Amino acid sequence: MPEITKSYEARDVEAKWYAAWQEAKCFAGHAAPGQETYSIVIPPPNVTGILHMGHVLNNTLQDALIRRARLEGKAACWIPGTDHAGIATQTMVEKHLKKNEGKGRRDLGREEFLKRVWTWRDEKGDHILKQLRELGCSCDWDRTHFTMDPGYSKAVLTSFVKLFNSTDEQGRACIYRGKRMVNWCPTSLTALSDEEVEMRPTKGFMYRLRYELVEPSTITDAEGNVTPFTHLILETTRPETIAADVAVAVHPDDVRYTHLVGKKVWRPLGERVQIPIIADEAVDPAFAAGALKVTPAHDKVDFEIGQRHQLPVIDALNADGTMNEFAGPELAGMERFAARKKAAELLEASGNLIEAKAYENNVGYSQRAGVPIEPRLTQQWWLRYPRVEEAKQVVRDGLIQMHPERWSKVYLNWLDNIQDWCISRQLWWGHRIPVWYAKGIDREKLTEADLRDPNKIHVSLEGPADPENWIQEDDVLDTWASSWLWPFATLGWPDAEAQAKANFSQFYPTTTLATGADIIFFWVARMIMAGLEFAKPGAPVEERIPFKHVYFNGIVRDKQGRKMSKTLGNSPDPLDLIQKYGADGLRFGLLQMAPLGQDVKFDEDRIESGKNFSNKLWNACRFRQMNGAMSDNSSLGAILARLDASQLDDDDHALLTALLDTMKTVERGFTDFEFAGATQRLYSFFWNDFCDWYVEVAKARVQDPAVKDHALAVQDLVIRQFLLLFEPFAPFITEELWSLLGYAAPGKPFVQDARIESPADLIAALNARGIQLDAHASGRVETLKQFVTLARQLKTEQNVGQKRDVKFLALGADAAWSALSAALAKLTRLVGAAEISRAAAELALPAIVTPFGTLFLDTGVKVDAVAERVRLTKELDTVGKHIAGTEARLANVTFTSKAPAAVLDGARKQLAELQAKRDEVARLLASLG
RNA sequence: GGACCCUUAGCUCAGUUGGUUAGAGCAUUUCCUUGACAUGGAAGAGGUCACUGGUUCGAGUCCAGUAGGGUCCA
């Protein structure tokens, strides 16, 4: 048996065991027929991403879940992988190209550019998966997937083709192409979905403008006064688009303007043209002066107004956010924000700018590029979501449970207001849409009927048989239109052979999805719809859902509650933390501060405490090893066989009771996703119940040959069960100790080869050895602990806290003394005294009142009566207050008549104890003279 | 504007269905390197549980409102 070193060196241990696990294929997900399964798909990080604290929390949780499942004997499978992350990766490579070669993607051409992206991916990708290994993640690496792999790509294209040929719940084609207003990112040069747009309050100006009436009018008020009416007043934040105005709209019921409807105003910028005044319900008469400039090309509401009134569309912006010739000669070619300034200057010069006031409003930003998006009219592919109603129902019915439950509401609310999904992206890195257009047709003018005409449009995986007559769509699919297939595409779908090989039928639906709530719409909701639609056609709904539980972990924030970000530099590098505190320390510390569904305020001290706990565990095991040779630890049965039921004392009973309680807490932690509670109980059990008390108490027993084997067997038992409970959270140190203390059975070298006992299993195993746990032992041990604390307190107060040769004298009734003397040996040791003997009468010595009567401390020095009197008086005062409170409670008739008996008894008992204590303290005071 | 969450010790957080004197880690005070562990041990100090009202014999816990902080959706 190798000797355990003085302190725990995490890094050596971690590297060794991870290699061993991989070598032994410990993480392989195989399901035997009929075996209960537990499967998780990883939220695939961006292929070029690096590990941050959010990943650490998310993946530690998944690893804990999957490791626990293994210990419970389930066929566990955790599928890893990465996401091609269309925009993010393409942008990254483009930047790199620009910097190193001074070229853009168009200089290289599509084919060459994609080659470069693949090279980049091969060189720099998957780094994050290696980092997850450092953390101890037990993914089945042989199942690593990438959303652009051939098999996965086939799944993506298959899903598109299937959707193209199917209808939504209202019988409409799921996929259509249409020229509609989209969120356009002028930096990435692509359309975005609504979810990729982030509203941010943005400071700017509200420009108050005059639009001259072509035929000035007059207003006649109630008194018959007539005033000239020469212009309309409008407000806009975007004067640079004025040249694209095609009308001014007012509310049809707005009496201020009804007489003007049908008349015209001069457009104040660009070519001097007249535009009509129209009436539309969409105008808010209360906003500004109640008139709205209508610019159909650059605003969604305006576009809809334009449609209703058959207005032309003038697009004054280029794709990259610069103005084009329709913006007028002064603005053409300018960048949009410069043009805004310039437009204001021009308006001011022409006298049409009344004022520009500072204004803050919500502006949509491209989440990825961080620039304001432009509403832009373009041809895109759209998806009408399938299975929307079913997706709501599975959550309402609890087939899919969200934790914390409140996220269900957010989810349902989104589905209630669901909008069609713009799935095409004007990118190259991604899955190219499997649509071919017949040569010679005008793509801009395809009707819904044309889309379904196989002579004009070809949609398939393989492409047309006569490719020379067709041109493939340039656009690729939104990244999320590939990752929404993740739970089943990683299990081989749609290839039957691959599915069989991957144990699709056993691992789907997966058990738990652990992710952040920030992607509940992007990913979670869409996966549910995709799963219902594709995974097991025709199967009952409970077999089609992609997962049964969704656990939303919090966001890791810094101490001030800010999100961790590169720019703020407030995000510690997880690998540094692993270096400093060990992977186990990081995992354990982080989980301790991660209560269900709350954001985590990161505190490095907590991680340090995780490391310290590792060391504590290490040393407790080291001490066990030093106390006696290891006997057969290879199974629970073997250890139990070494227990002597007749030797079990109160401490054994109390410890085993606490162990059972810990087992229950941890079990509940896993079913309810209450990991913080589980880790905290593990901590307090091991440190307080086991080390602080039991190991100390057992020091005496271990010296006694008659009970030594038994006492060590209890320790071996508790350490074994603890390691099993702790392994999911701290796999490295537990593995090392499992091995060092001989818990591994022959041919079963790893912790995961063992089966964790449930609390009921352990009770049954104890019963089978003739052991019934004594429910009252814990209370008696608690009393002894109190006695020890009080005795130590007395020593500290008398400035002999560290001396071990002091003498105590206890004055109490026969019953108290007999209880005390039964535990005398260990108490003497624990309080640090030469002896504790019985006093015959009150003594003129410093004293403290304990549950076993009054305890006097003989330091050999004359007692300081004045100091004692002060101390005892204070004590008497405190006790008196508690007595008064309890008496008042008991004197209340409504309390005594309504409170349950147990509470009443407790109060009465407490009062009696307090009164006895008061009397004793009073006697002591009196004896001081 | 709608929905949700949070407010407990100096800091970060626990506190299960209402029930003795509200807990932990870190920080802090005093003492201790005694044979597991100084990454440690012992003893202590530190809290009107944001505020107001209600329900109840009893509220950190349940209800309503107020204030402050945060998130999501419009």
Side-chain angles (χ1 to χ4, degrees), chain A residues 4 6-8 10 194-195 198-199 362 404 406-414 416-417 517-518 520-521 554-555 557 559-563 581-582 585 589 592-595 597-627 665 668 672 674 676-677 679-681 683-684 687-688 691-692 695-696 699 788-797 799-804 830-832 878-879 881-882 885-886 889-900 902-911 913-914:
Chain A
I4 301 182
K6 191 173 173 181
S7 63
Y8 175 59
D194 294 341
E195 288 70 33
E198 193 175 277
M199 302 308 283
N362 273 330
R406 63 187 148 87
W407 287 108
S408 305
K409 269 195 217 167
V410 177
Y411 167 87
L412 291 170
N413 184 261
W414 184 75
D416 282 340
N417 299 294
D518 52 334
I520 186 169
F521 311 136
I555 296 168
R557 300 173 176 278
K559 262 187 158 171
Q560 287 126 58
R562 301 174 303 180
K563 265 191 183 179
Y581 305 111
Q592 268 192 297
M593 54 177 142
Q598 297 291 359
D599 285 354
V600 179
K601 276 196 202 158
F602 182 75
D603 182 359
E604 192 166 324
D605 287 342
R606 215 56 191 250
I607 308 299
E608 189 177 2
S609 128
K611 177 195 172 180
N612 295 348
F613 186 57
S614 297
N615 196 58
K616 187 73 181 178
L617 170 61
W618 185 257
N619 274 289
C621 292
R622 175 165 174 256
F623 187 54
R624 160 64 192 90
Q625 201 188 40
M626 291 165 73
N627 273 320
T665 304
R668 200 172 55 233
D672 298 351
E674 288 277 11
T679 49
Q680 280 162 24
R681 184 69 185 103
Y683 186 98
S684 71
W687 205 304
N688 304 125
C691 293
D692 288 348
V695 171
E696 291 304 322
K699 278 177 179 171
V788 170
T789 301
L790 289 165
R792 286 168 172 169
Q793 196 181 321
L794 183 60
K795 280 176 73 183
T796 304
E797 277 163 2
N799 299 316
V800 291
Q802 304 309 316
K803 286 200 166 171
R804 299 186 67 83
L830 284 168
V831 300
T878 313
V879 176
K881 274 182 193 155
H882 287 150
T886 314
R889 221 146 55 98
L890 284 167
N892 187 341
V893 182
T894 44
F895 173 65
T896 50
S897 62
K898 289 190 177 179
V903 174
L904 264 177
D905 286 350
R908 291 204 178 103
K909 205 176 150 204
Q910 188 198 356
L911 182 61
E913 281 167 10
L914 285 168

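Below, read A as the first sequence line, B as the second, and so on, with proteins coming before strands; counting in each chain starts at 1. Since we're looking at a predicted model, the values are computed, not measured.
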Is A:T789 near enough to B:A43 that one of its side-chain N or O atoms lies under 4.0 angstrom from OP1 or OP2? yes
Take atom CG of A:D692 and atom P of B:A36, then tell me their distance rounded to the nearest Å. 14 Å
Determine the contact category for A:S7: base if any of its heavy atoms lies under 4.0 Å from a base atom, sugar-phosphate if only primed atoms, P, OP1 or OP2 are that close, otherwise nothing. base
Would you indicate what A:Y8 reaches in the nucleic acid, counting non-hydrogen atoms under 4.0 angstrom: base, sugar-phosphate, or nothing? nothing
Rounded to whole Å, please give me the gap between CD1 in A:I520 and P in B:C5. 14 Å
Would you say A:F623 and A:K699 make side-chain contact, with heavy atoms under 4.5 Å? yes
Using the P atoms only, state how far B:C63 lies from B:U17, rounded to an integer number of Å. 12 Å
B:G60 pairs with which nucleotide, Watson-Crick or G-U wobble, both distances below 3.5 Å? none
I need the CE-P distance between A:M199 and B:C72, as an integer number of Å. 13 Å
Counting the atoms with a prime plus P, OP1 and OP2 as sugar-phosphate, which does A:K409 contact under 4.0 Å by heavy atoms, base, sugar-phosphate, or nothing? sugar-phosphate
Using a cut-off of 4.0 Å on non-hydrogen atoms, how would the nucleic acid contact of A:E198 be classed: base, sugar-phosphate, or nothing? nothing
For the residue pair A:W618 and A:Y8, does the interplanar ring angle fall in the parallel (under 30°), tilted (30 to 60°) or perpendicular (over 60°) class? tilted
Check this one for me: any side-chain N or O of A:K898 less than 4.0 Å away from OP1 or OP2 of B:G19? no
Distance check, C1' atoms only: B:G15 and B:C62, in whole angstrom units. 16 Å
Does A:K795 reach a base, just sugar-phosphate, or nothing at all? Heavy atoms under 4.0 Å. nothing
Is A:F521 touching bases, backbone alone, or none of the nucleic acid, heavy atoms closer than 4.0 Å? sugar-phosphate
Answer with base, sugar-phosphate or nothing: what part of the nucleic acid does A:S897 contact at a heavy-atom distance below 4.0 Å? nothing
If the cut-off is 4.0 Å, is A:W687 near the phosphate of B:G41, judged by side-chain N/O to OP1 or OP2? yes
How about A:R622 and A:N619: does a side-chain donor come under 3.5 Å of a side-chain acceptor? yes
Considering Watson-Crick and G-U wobble pairs with both distances under 3.5 Å, what does B:G23 pair with? B:C13
Between B:U29 and B:U21, how many Å separate the two C1' atoms, rounded to a whole number? 23 Å
In whole Å, I'd like the distance from the NZ atom of A:K699 to the P atom of B:U34. 13 Å
Give A:A620 one of three labels, base, sugar-phosphate or nothing, depending on what nucleic acid heavy atoms sit under 4.0 Å from its own. base
5′-ward residue of the pair A:N688/A:E797 relative to RNA chain B: A:N688
Between atom CG in A:N612 and atom P in B:G41, what is the gap in whole Å? 9 Å
Please confirm whether any donor atom in the side chain of A:E696 sits under 3.5 Å from an acceptor in the base of B:A36, or the reverse. yes
Would you mind classifying the nucleic acid contact of A:Q680 as base, sugar-phosphate or nothing, using non-hydrogen atoms under 4.0 angstrom? sugar-phosphate
So what does A:C621 touch, heavy atoms closer than 4.0 Å: a base, only the sugar-phosphate, or nothing? nothing
B:A22 and B:G47: how far apart are their C1' atoms, nearest whole angstrom? 8 Å
pair A:N892-A:R889: side-chain heavy atoms closer than 4.5 Å: no
What distance, rounded to whole Å, do you find between the two C1' atoms, one in B:U8 and one in B:C13? 10 Å
Pairing partner of B:U66 (Watson-Crick or G-U wobble, both distances under 3.5 Å): B:A50
So A:K803, base contact, sugar-phosphate only, or nothing? Heavy-atom distance under 4.0 Å. nothing
Looking across every strand, which nucleic acid part, if any, lies under 4.0 Å from A:R624 by heavy atom: base, sugar-phosphate, or nothing? nothing
Spacing of the C1' atoms in B:G70 and B:U33 (rounded, Å): 47 Å
Using the P atom in both, what is the distance from B:U20 to B:G2, to the nearest Å? 40 Å
Take the protein atom CD of A:Q793 and the nucleotide atom C1' of B:C31, then report the distance between them rounded to whole Å. 14 Å
From CD of A:E604 over to P of B:C26, roughly how many Å is that when rounded to an integer? 14 Å
Side-chain N or O of A:R606 less than 4.0 angstrom from OP1 or OP2 on B:G25? no
Check the phosphate of B:U20 against A:K909, side-chain N and O only, distance under 4.0 Å to OP1 or OP2. Yes or no? no
Would you say that A:Q592 contacts A:R606 through its side chain, given a criterion of any heavy-atom pair below 4.5 Å between the two side chains? yes
